[in-house]
Protein chains: 2
Amino acid sequence: MSEQNLTKNQDLVLNQLGKSKTPMSAYDLLDKLREKGLKAPLQIYRALDKLTEMGLAHRLETLNAFVACAHPNCHENELIAFGICENCNKVWEFSDDEVSKRLDLWAKERDFTPVKTSLEIRGICAKCA
Amino acid sequence: MSEQNLTKNQDLVLNQLGKSKTPMSAYDLLDKLREKGLKAPLQIYRALDKLTEMGLAHRLETLNAFVACAHPNCHENELIAFGICENCNKVWEFSDDEVSKRLDLWAKERDFTPVKTSLEIRGICAKCA
DNA sequence: TCCATTAATGTAATAACATAACATTGTTGC
DNA sequence: GCAACAATGTTATGTTATTACATTAATGGA
């Protein structure tokens, strides 16, 4: 299932991410995609850069890893938050208007111009508890 | 100005962090502390582990860097958020009860048990705008 | 005090994550 | 066809973090 305007490498990376139930590091991706001809980390990182720019993938800062966007059709630019289970590594993607509003307020009060916000809750999910 | 129950290495690292106006990476710290006898990354990382556990320092996940806690006397365990200027690298530490409440609610609804939450707003501060 | 236990330290080696630099190829539009 | 730009390929290197193992220091009984 190939995506809209993606280049070959971007498509390979996004599809691999999509198949995974848990986040993958750039090197995880490289290992999986060697058989498709990818050879160097930079090929992965370049694809990931574009994919995250386009909102089709997200970087999890606390894991140095990446996931496919859970809502690949809505390229929303709102704040995206993640819950991450430290046991099974599953990720829940969500957003909360009230949280966004409070953070916007914090920024406005200080003339701070947000560029990118990262919000990650690490913990243990219901199944793993 | 030495702290309560800190070991020699912890004290060195925390004081160095305290002197810096911007976040420092573990290797930044190592460079500064070589003259005090520290020689290996692990000495820095071990000290940072303890300091962050104690709430005296914080790790900024989006920078792979560390800051001294802005409120070193209140060992609160609440959610701490950071604003980070991408131009001057200054960091603002804050918390917001409403945000904490909303995230707690998200977790409760899913029987998710939070362990550690990371919230970082990267952007441009008023002075740098 | 002696000894056992645990915490902290020191050191070398290596693993994991990410980018710089530069050459080449592919695509687009005039 | 060709200029301009985007994407790719490749090598090397830079940056961040941990493993493994040996040693020393601090603590708390018997």
Side-chain angles (χ1 to χ4, degrees), chain A residues 2-17 20 22-54 56-67 84 86 89 91 116 118 120 122, chain B residues 2-17 20 22-54 56-67 84 86 89 91 116 118 120 122:
Chain A
S2 140
E3 304 288 340
Q4 26 176 358
N5 289 320
L6 300 183
T7 67
K8 185 186 123 240
N9 290 0
Q10 288 161 18
D11 191 65
L12 286 169
V13 167
L14 183 57
N15 277 291
Q16 191 60 55
L17 275 183
S20 176
T22 53
M24 298 181 76
S25 75
Y27 282 78
D28 290 341
L29 285 162
L30 180 54
D31 284 344
K32 288 285 189 184
L33 293 174
R34 276 185 207 285
E35 61 187 37
K36 309 269 178 165
L38 296 201
K39 289 179 181 162
L42 196 47
Q43 296 175 287
I44 307 291
Y45 281 109
R46 285 201 277 228
L48 286 169
D49 280 350
K50 296 294 181 183
L51 291 169
T52 52
E53 250 176 42
M54 290 187 269
L56 297 174
H58 302 297
R59 175 185 170 85
L60 299 173
E61 297 288 348
T62 64
L63 295 178
N64 296 326
F66 300 83
V67 288
I84 303 170
E86 297 191 328
N89 298 315
V91 172
K116 176 103 176 55
S118 156
E120 302 177 17
R122 313 240 336 220
Chain B
S2 139
E3 303 286 340
Q4 28 176 357
N5 289 321
L6 301 182
T7 67
K8 185 185 122 242
N9 290 0
Q10 289 161 17
D11 191 65
L12 286 169
V13 167
L14 183 57
N15 277 290
Q16 190 63 53
L17 275 183
S20 175
T22 54
M24 296 181 77
S25 76
Y27 283 78
D28 289 342
L29 284 161
L30 180 55
D31 284 343
K32 287 286 190 183
L33 293 174
R34 277 186 206 285
E35 61 186 36
K36 309 268 180 167
L38 297 201
K39 290 177 182 164
L42 195 49
Q43 297 176 287
I44 307 291
Y45 281 109
R46 285 202 277 227
L48 287 169
D49 281 351
K50 296 295 181 182
L51 291 170
T52 51
E53 251 177 40
M54 292 187 266
L56 297 174
H58 304 299
R59 176 183 169 85
L60 299 174
E61 297 287 349
T62 63
L63 295 179
N64 297 326
F66 301 82
V67 289
I84 303 170
E86 297 190 328
N89 298 315
V91 173
K116 175 104 176 54
S118 155
E120 302 177 17
R122 311 233 346 212

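Within every chain, numbering begins at 1; the chains are lettered A, B, ... in the order of the sequence lines, protein sequences first and strands thereafter.
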Task: Length of the CG-P vector between A/Asp49 and C/dC17, whole Å - done: 16 Å

TODO: Measure from CG on A/Asn64 to C1' on C/dA15 and round the result to the nearest Å.
DONE: 13 Å

Task: d(CG, A/Leu48; P, C/dT19) in whole Å - done: 11 Å

Open item on the list: I want to confirm an ordering. Mapping B/Ala65 and A/Lys50 to their closest nucleotides on DNA chain D, which one lands closer to the 5' end?
Closed with: A/Lys50

Task: Atom pair CG (B/Leu17) and OG1 (B/Thr22), whose distance is rounded to the nearest 0.5 Å - done: 10.0 Å

TODO: May I ask you to verify if any side-chain N or O of A/Arg59 is less than 4.0 angstrom from the OP1 or OP2 atom of C/dA18?
DONE: yes

- [ ] Let me know the distance between CG of A/Asn5 and P of C/dT28, rounded to the nearest Å.
- [x] 10 Å

- [ ] State whether B/Thr7 places a side-chain N or O below 4.0 Å from either non-bridging phosphate oxygen (OP1 or OP2) of C/dA8.
- [x] no

- [ ] Send over the distance from B/Leu33 CG to C/dT9 P, rounded to a whole Å.
- [x] 13 Å

Task: Euclidean distance, atom CZ of residue B/Arg46 to atom C1' of C/dG10 [Å, nearest integer] - done: 7 Å

Open item on the list: Reading DNA chain C from 5' onward, which residue's closest nucleotide shows up sooner: B/Lys39 or A/Tyr45?
Closed with: B/Lys39

Open item on the list: What is the separation between atom CD on B/Gln10 and atom C1' on C/dT9, rounded to the nearest whole Å?
Closed with: 11 Å

TODO: Please find the earliest and latest nucleotides of DNA chain D, in the 5' to 3' direction, that have an atom within less than 4.0 Å of any heavy atom of chain A.
DONE: D/dA7 to D/dT11

TODO: State whether the side chain of A/Arg122 and the backbone N or O of A/Thr62 hold a donor-acceptor pair below 3.5 Å, judged by distance alone.
DONE: yes

Task: Nucleotide C/dT19, atom P - distance to OH of A/Tyr27 in whole Å - done: 10 Å

TODO: Among A/Leu48, A/Leu51, A/Val67, find the residue that satisfies the side chain to side chain contact (heavy atoms under 4.5 Å, CB included) test when tested with A/His58.
DONE: A/Val67

Task: Nearest-nucleotide comparison on DNA chain D, the residue closer to the 5′ end among A/Gln43 and B/Asp28 - done: A/Gln43

TODO: Would you mind checking if B/Glu61 and B/Arg59 are paired as a salt bridge, meaning a charged N to carboxylate O distance below 4.0 Å?
DONE: yes

TODO: State whether B/Asn9 places a side-chain N or O below 4.0 Å from either non-bridging phosphate oxygen (OP1 or OP2) of C/dG10.
DONE: yes

Task: Nucleotide of C/dA20, C/dT11, C/dT9 approaching B/Ala40 most closely (side-chain heavy atoms) - done: C/dT11

Task: CG-CE distance between B/Leu30 and B/Met24, expressed to the nearest 0.5 angstrom - done: 10.0 Å

Task: Approximate separation, where rounding is to 0.5 Å, of A/Asp49 CG and A/Met54 CE - done: 10.5 Å

- [ ] State whether the side chain of A/Ser20 and the backbone N or O of A/Pro23 hold a donor-acceptor pair below 3.5 Å, judged by distance alone.
- [x] no

